[in-house]
Amino acid sequence: MSHIHTPETPPQERPGLPMLPKGVPTLARHLDWALRFITERCQCQLTHADTLHLGNAVAALEALPKVPSATRRIGDTDYMTDEAGRLEPISLVKAPKLLEDDLVRRIAQGAISVNHSLGRFKTMSFWEAQSLLDTLAAEHNVTPSSRRGDIYLYSYDRKWKVSVTSQENITFGPTIEVAKQLLIEWLDDEQASPELKATITDAFQINDQKRLRVGEILRLRGRNNPHPKWQAAMRVISEAMETIGSREYLRVYRRDAGGTYRLLALDLSSVERAAV
């Protein structure tokens, strides 16, 4: 496909169309160019349905997330707004500062556009995966479950894999301190290895998020120990566990020549689902 040239159009030649912010993705710029071409060249030939579609396309451009400019025009003078909200005449702002502001805003605009696209992609992917599961359930006369386990889907040639997994967000109530004390007493009674002592001590340390190390504490429950205090501590840990919601993860893998599935670098775990 030949390269599509999308020339910049001066603001005065853009009737009825929103101004594209700097940094928007190339696809949006192509859409912007196409809309301007239709508006300027084909206005008299548009049907009512065409006009409605054109209006929807213009609305999509207007809905693009934007990084607002720091400039304001008052009278015949342009001003820059600083952190405190003060207005400084642009003529008094040093050129390197203006260049830095322009670069940061263009990068930020591109970033929020990509973030928005990822949010829409994540939403649609979850919906479509759920729709597939509902279809499979209907074919087997099974009522779809509102709670599902981890899902692994493959392309027919097995070169692509999609996983949809959920992870519960677990915390502990105040009785977790009782479990900690029971384990300390068990350490006093038993000749535990230095490694196990360190594991228990580390498990109840506060992590960088000011929370207990949930994973380390849960791993203690996997150890088989018949001592009464150990068993009591494990029961208290189970009783202290609280689930405060769950988070879903979508991952896409591509199989390499050696047969190993490699994760595509899409950081969807930190992207919120967007309205479609």
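Worth knowing before you read on, the calculation uses all heavy atoms, side chains too, and leaves out hydrogens, waters and symmetry mates.
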(message) Could you check whether any side-chain N or O of Arg105 sits under 3.5 Å from a backbone N or O of Pro68, counting only pairs where one atom can act as donor and the other as acceptor?
(response) yes

(request) Would you confirm whether Glu216, through its side chain, and Phe204, through its main-chain N or O, come within 3.5 Å as a donor-acceptor pair? (result) no

(message) Test of understanding: clusters of I, L, V, M, F, W, Y form through side-chain heavy atoms closer than 4.5 Å, transitively. Do Phe126 and Leu136 belong to the same one?
(response) yes

(request) Indicate if Ile217 and Leu187 have the same hydrophobic cluster label, given that clusters are the connected sets of ILVMFWY residues with side-chain heavy-atom separations under 4.5 angstrom. (result) yes

(request) Please report the shortest heavy-atom distance between Leu183 and Met234, naming the atom on each side. (result) CD2-CE, 4.0 Å

Who else is in the cluster with [X] when I, L, V, M, F, W and Y are joined by side-chain contacts under 4.5 Å?
| X | result |
| --- | --- |
| Ile90 | Met80, Val93, Leu98 |
| Val236 | Val178, Leu182 |
| Leu263 | Tyr152, Tyr154, Tyr253, Tyr261 |

(request) For Lys197, enumerate each residue passing the salt bridge (Lys or Arg N to Asp or Glu O under 4.0 Å) test, keeping only those at least two apart in sequence or located in another chain. (result) none

If I take atom [atom1] from residue [X] and atom [atom2] from residue [Y], how far apart are they, to the nearest 0.5 angstrom?
| X | Y | atom1 | atom2 | result |
| --- | --- | --- | --- | --- |
| Ile237 | Glu239 | CD1 | CD | 10.5 Å |
| Gln109 | Ile107 | CD | CD1 | 12.0 Å |
| Asn169 | Thr243 | CG | OG1 | 8.5 Å |

(message) Side chains of Val164 and Gln130, heavy atoms from C-beta outward: is any pair under 4.5 Å?
(response) no

(message) I'd like to check Met241 versus Leu218 (side-chain heavy atoms, cut-off strictly below 4.5 Å). Are they in contact?
(response) yes

(request) Only counting residues at least two apart or in another chain, list the ones meeting side-chain hydrogen bond (donor to acceptor under 3.5 Å, both in side chains) with Asp256. (result) Arg262

(request) Please list all pairs passing the salt bridge (charged side-chain N to carboxylate O under 4.0 Å, His left out) test where one or both residues lie in residues 220-237, with sequence neighbours left out. (result) Glu185-Lys229, Asp189-Lys229

(request) State plainly whether the residues Arg106 and Asp102 are in salt-bridge range, i.e. N to O under 4.0 Å. (result) yes

